[in-house]
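Residue numbers start from 1 in every chain, and the chains themselves are labelled A, B, ... in the order their sequence lines are given, proteins ahead of strands.
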There are 2 protein chains.
Amino acid sequence: MHSQNLINIITDALPGLNKSESKVAQVILSDPDAATRSSIATLAKKAGVSEPSVNRFCKRFNAAGFPDFKLKLAKSLVSGIRFVNRNVDPNDDVDGYTPKIFDSTINNLALVRDKISHSRVNQVVDKLIQAKRIYFFGLGASGSVARDAENKFFRFNLPVSCHDDVLMQRMLASTGTTGDVFFIISHTGRTKEVVEVAEIARANGSAVIGLTAPKSPLADISSVTLDVEVPENTDEYMPMTSRIVHLVILDVLATGVTLRRGPEFLPHLEKIKNSLKPTRYSKDN
Amino acid sequence: MHSQNLINIITDALPGLNKSESKVAQVILSDPDAATRSSIATLAKKAGVSEPSVNRFCKRFNAAGFPDFKLKLAKSLVSGIRFVNRNVDPNDDVDGYTPKIFDSTINNLALVRDKISHSRVNQVVDKLIQAKRIYFFGLGASGSVARDAENKFFRFNLPVSCHDDVLMQRMLASTGTTGDVFFIISHTGRTKEVVEVAEIARANGSAVIGLTAPKSPLADISSVTLDVEVPENTDEYMPMTSRIVHLVILDVLATGVTLRRGPEFLPHLEKIKNSLKPTRYSKDN
DNA sequence: ACAGTTTTTGAAAGATTCCTACAAATAAGG
DNA sequence: CCTTATTTGTAGGAATCTTTCAAAAACTGT
């Protein structure tokens with residue numbers, strides 16, 4: 001469904017390209033937007049190769065020809081990574097930083113959307129459905145993600161709770177047993193307290209699901225990891241986007257659980273929704 | 001900066017087009033994706049007009065020519081049309097629902113990015129900077145948004161706090177004075193308790209910033225409203241996206257505040273970041 | 001209704017862009 | 001060092017696009 005971003009594909013293929021192909025790749029990657037606007041002749045000249053080389057390059061990446069390639073490239077650019085410096089500039093005014101922050105969030109979401117392992121998602125949904133109890137743990141910014149998850153998952157009639165207190169987390173982890181699921185959220189996956197809690201939980205036979213950075217200590221110790229690789233905060237001004245990616249992944253998981261429950265479960269969700277109606281001003285006034 | 005979707009533009013212009021132009025428009029709108037893949041000759045034939053007519057049509061919509069038009073159309077399709085009918089289907093499997101949920105979040109973010117009033121953002125940044133105290137209030141899902149905001153804004157050395165308890169909110173609102181800012185987050189803007197709290201706060205001379213739906217009771221009573229219009233949840237399975245949009249808006253506001261503080265404030269942020277280092281496993285092990 | 005004017009439209013030729021066949025050049029293998 | 005395979009470019013042809021210009025249609029006022 002979601003072909004991965006063309007730019008990523010080219011970047012990944014870079015090492016396996018031959019001389020003229022990689023010249024073409026360089027030119028395209030250095031300014032993909034310009035590439036979509038130039039003719040095959042211009043691009044060939046810029047790369048210092050012949051037109052057919054550019055054409056062959058395009059075909060290598062499953063395009064019918066150069067125009068088709070440009071089309072696909074243009075599409076990738078829309079919600080794909082904007083390579084151009086879209087970092088917040090200290091001199092930016094509202095018109096500058098507002099779209100940049102939205103864009104960077106959108107880009108990261110698109111990245112993860114194309115990279116996330118669907119089989120892992122499935123595995124996690126399985127575990128959540130079978131769980132006797134689910135604990136959502138997180139600290140700091142991930143604490144509010146955990147809280148949001150609780151708010152979402154309690155609707156499934158599962159015994160869910162959420163804790164952003166290290167001591168509570170430790171105690172609960174140590175009393176966990178087989179069938180309990182500890183869903184641990186951490187941006188870095190390197191916070192000692194959090195990793196220790198995961199260790200304790202696993203030692204007691206509980207399952208640990210890590211929503212965290214790949215190859216981190218937390219990822220290593222989890223039963224299943226949902227990898228979220230969000231580019232490091234190079235820019236002092238850019239906010240941390242991983243929280244938001246985490247939230248969306250939790251949305252995905254919740255949807256997975258709902259669908260697995262089947263349509264006979266919908267009335268239950270409806271009931272919860274309706275329970276809030278009396279607290280609201282009606283729409284027509 | 002962010003031009004509106006080409007498809008919408010064409011649809012809007014439809015009534016003002018002449019005979020052959022509208023024929024072309026019809027063909028394009030009926031299957032925009034096919035249009036991006038066909039040549040000017042094919043399209044002309046399909047529409048029953050001449051090639052130059054198609055060309056003129058393209059130029060009318062600010063394209064350099066037909067190829068350029070196709071490019072722009074293709075771009076619009078990525079974040080535009082996909083919107084339609086990308087609802088989660090009860091029979092979807094992981095490969096189905098995962099990208100859909102990411103897409104719907106991304107689309108909503110893009111929508112708000114293009115719609116949000118920059119001058120309002122500026123106003124709110126002003127108020128936040130001048131505030132004697134800032135309270136972030138929210139209930140339910142908005143409660144965790146408020147918590148996230150607290151986590152973000154306390155770094156600015158401002159007296160910030162966060163409350164997701166109605167009684168606390170009421171009491172604090174009633175003791176507020178001029179110079180206090182109550183930042184109230186609500187998806188619907190119609191929860192009675194929340195609106196009442198806003199009323200109390202305003203009655204005592206405090207400023208109320210509403211991050212909520214436009215034209216809602218909460219929006220009406222706020223000093224400044226940041227409108228977030230996220231399409232109603234028509235689909236039972238689609239998760240609520242407004243939380244995420246709210247978070248990103250708070251990121252924007254935080255960035256605004258940081259920039260307004262100027263570069264001499266960066267060391268302070270750095271200090272907070274570094275305070276967490278000892279709690280982490282280092283990256284090289 | 002009709003001549004004059006403006007607008008809309010398409011035929012045809014011209015310009016551009018793209019693709020294919022083939023041969024030269026380079027690299028790899030024995 | 002020769003053979004074979006791969007890579008690269010030249011040249012010409014094919015397709016696509018654009019412009020010009022004149023015919024057709026629509027509009028205007030008389």
### Message
Can you give me the closest heavy-atom contact between A:K70 and A:S39, atom names plus distance?
### Response
NZ-CA, 4.4 Å
### Side chain A:S216, main chain A:T212, donor-acceptor under 3.5 Å
no
### Message
Would you say CD of A:E199 has more than 12 non-hydrogen atoms from neighbouring residues, nucleotides or ligands within 6.0 angstrom?
### Response
yes
### Query
Relative to the ring of B:F69, is the ring of B:F57 parallel (under 30°), tilted (30 to 60°) or perpendicular (over 60°)?
perpendicular
### Message
Below 4.0 angstrom, which residues in residues 51-65 of chain B have at least one non-hydrogen atom near DNA chain D?
### Response
B:E51, B:P52, B:N55, B:K59, B:G65
### Query
Checking side chain to side chain contact (heavy atoms under 4.5 Å, CB included) against B:I249, which of B:V145, B:L211, B:V121 comes through?
B:L211
### Task
Indicate whether any N or O donor in one side chain lies under 3.5 Å from an N or O acceptor in the other, for B:R260 and B:N122.
yes
### Task
Using a cut-off of strictly less than 4.0 Å, decide whether A:K19 has a side-chain nitrogen or oxygen near OP1 or OP2 of C:dA27.
yes
### Task
Examine distances only and state if a side-chain atom of A:T188 and a backbone atom of A:R190 form a donor-acceptor pair shorter than 3.5 Å.
yes
#### Entry: A:I40, nearest nucleotide to its side chain (from C:dT9, C:dA27, C:dC19)
C:dC19
### Summary
At a 4.0 Å cut-off to heavy atoms of chain A, the contacted part of DNA chain D spans D:dT7 to D:dT10
#### Entry: Atom pair distance, as rounded to whole Å: CZ in A:F66 and P in C:dT16
17 Å
### Query
In whole angstrom, what separates A:D68's CG from C:dC18's P?
12 Å
### Query
Does a salt bridge link A:E21 with A:R60, judged by any charged N lying under 4.0 Å from a carboxylate O?
yes
